[in-house]
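What follows is a single structure, written as structure tokens, with notes after it.
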Amino acid sequence: MTVRVRFAPSPTGYLHVGGLRTALYNYLFARKHGGVFLLRIEDTDRNRYVEGAIENLIESLRWCGLDFDEGPGAEGDVGPYIQSERLEMYQRFAQQLLDNDQAYYAFDTAEELAEMRTRQEQAKVPSVHYERDTMRNSLNHSAEQVQQWMDEGQPYVVRLKIPDQDVFKMHDLVRGDIEFKREHVDDQILLKSDGFPTYHLASVVDDHHMGITHIIRGEEWLSSVPRHLVMYNYFGWEVPKMVHLPLLLNKDKSKLSKRQNDVAVEDYRTKGYLPEALVNFVALLGWNPGDNREEFTMDELVDAFSVERINKSGAVFELDKLKWFNKRKVHELSVSELTAQARPALEEAGFDLPSDETLERIVGLLQERLTLSNEVATLGSYFFQDPEEYDPKAVKKRWKADSSDLAREFADTLEGLESFDAASIEAALNAFAEEREMKAGPMFVVARLSVSGMSGGPDLFPMMEVIGQEACARRLRLAADRLQKD
Ligand code: GLU
């Protein structure tokens, strides 16, 4: 049997890193078993509709290298893959349950339900439940009454009739056998008053009709499983195998939240993280290869991945670890790939960019100093514009009373050079220092500070070569004026 798995996000406007992890594990599982990875958009909650959210999601998945085999824009045999385009089907299956006395109509207003809840809370029942007996529904009212309410246009929902049994049992491939007590299983709403299905009905109907063999999703959905099992049973459908992934946690072990971390994949993208690093990092949040390997390409992940090695306990999201991965991947990339990654930030910064060839040389000079691709635009801003500031510590300690004069004279020297390559600049600087019977070291400092504003950076002479003769001379004079000490 071909493995078929799905990533089924609700389009909230961005791809959450937790969603990325779910998508990734599904993807790896599918690739590992030669199966199909499907994207299904669960957009039946109309209140949460966000313009452009689907495109955004797909773009983020693509950026991470998670290509789906079936989904919006990649139609297979079991589409459409957007739930709002499948409403008729959910209504049909809700009707089937109604006809078989496995679901019922309920007319209760929000106020009536709130009263019921208060009543139960006051009575300290173990968990709040829909009360079939006391509320307004087709189980405890006559068909005529129900028809009358409908004719009057009273809004209603369809609820699942959970059977009377003490426990509901399921098997999770990672967590093993799990039992849910009856008191924790409510008569779930299946169809809302706007005719849209809830997540529960839609996902069960779709998982079945899309031939899903394995459901891999976040732990927060575990408590929904008993209601789903009831539906599978009523419909007479086989239950897919299930895996629930551990929670992602902040450093303080609370549930991963926006307040403590960026949670959108696109935030990491704009900050200069590489997809390879994010994927590698996220892969290890809740799974381990069983040995001490940490660095993986996507292909290596496919190879190493197994459901058995998914952890049960929550995984802490450590940004420093992600940075470490990013640094490693930034250093591994070819210069042209890194240049492509850095380009959007450079454009965003509004720099006048040099030729592609020069840009690649710049990126090549900076590469080993970068953690994020975007740092080409920040740490390396002096490659594109005259420095606006000078490292104050270095200025205080190392820009001496005679440094400004030296800078001006060295500017003249540089302008006199016939060839402005690294070797000539180096020779010129050494000769300049020698003529003045000074060490080359302090001249290095004057040149570096003037040209870049920084006290550290890539090798000075290749850097000056790329920045160019005219700009170097200009910057030396600019610094001389700005930093003049009496
Ligand atoms: N739409 C749900 C979500 O947003 C999907 C849950 C599931 O995978 O069943 O995560």
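Just so you know, ligand 1 is whichever comes first in the structure, and atom 1 is the first atom listed for that ligand.
Using a 3.5 Å distance cut-off with no hydrogens or angles, the side chains of Asn137 and Tyr130 do pair a donor with an acceptor. In this structure, a donor-acceptor pair under 3.5 Å is present between the side chains of Ser355 and Thr358. Side-chain contact, Asn250 with Ser254: a donor N or O sits under 3.5 Å from an acceptor N or O. A side-chain donor from one of Gln154 and Arg136 sits under 3.5 Å from a side-chain acceptor of the other.
Protein neighbours of ligand 1 below 4.0 Å, counting non-hydrogen atoms: Arg6, Ala8, Ser10, Glu42, Tyr199, Arg217, Trp221.
By the 30° and 60° cut-offs, the orientation of the rings of Phe281 relative to Phe317 is perpendicular.
Contact check for Gln341 versus Asn374: no side-chain heavy atoms found under the 4.5 Å cut-off.
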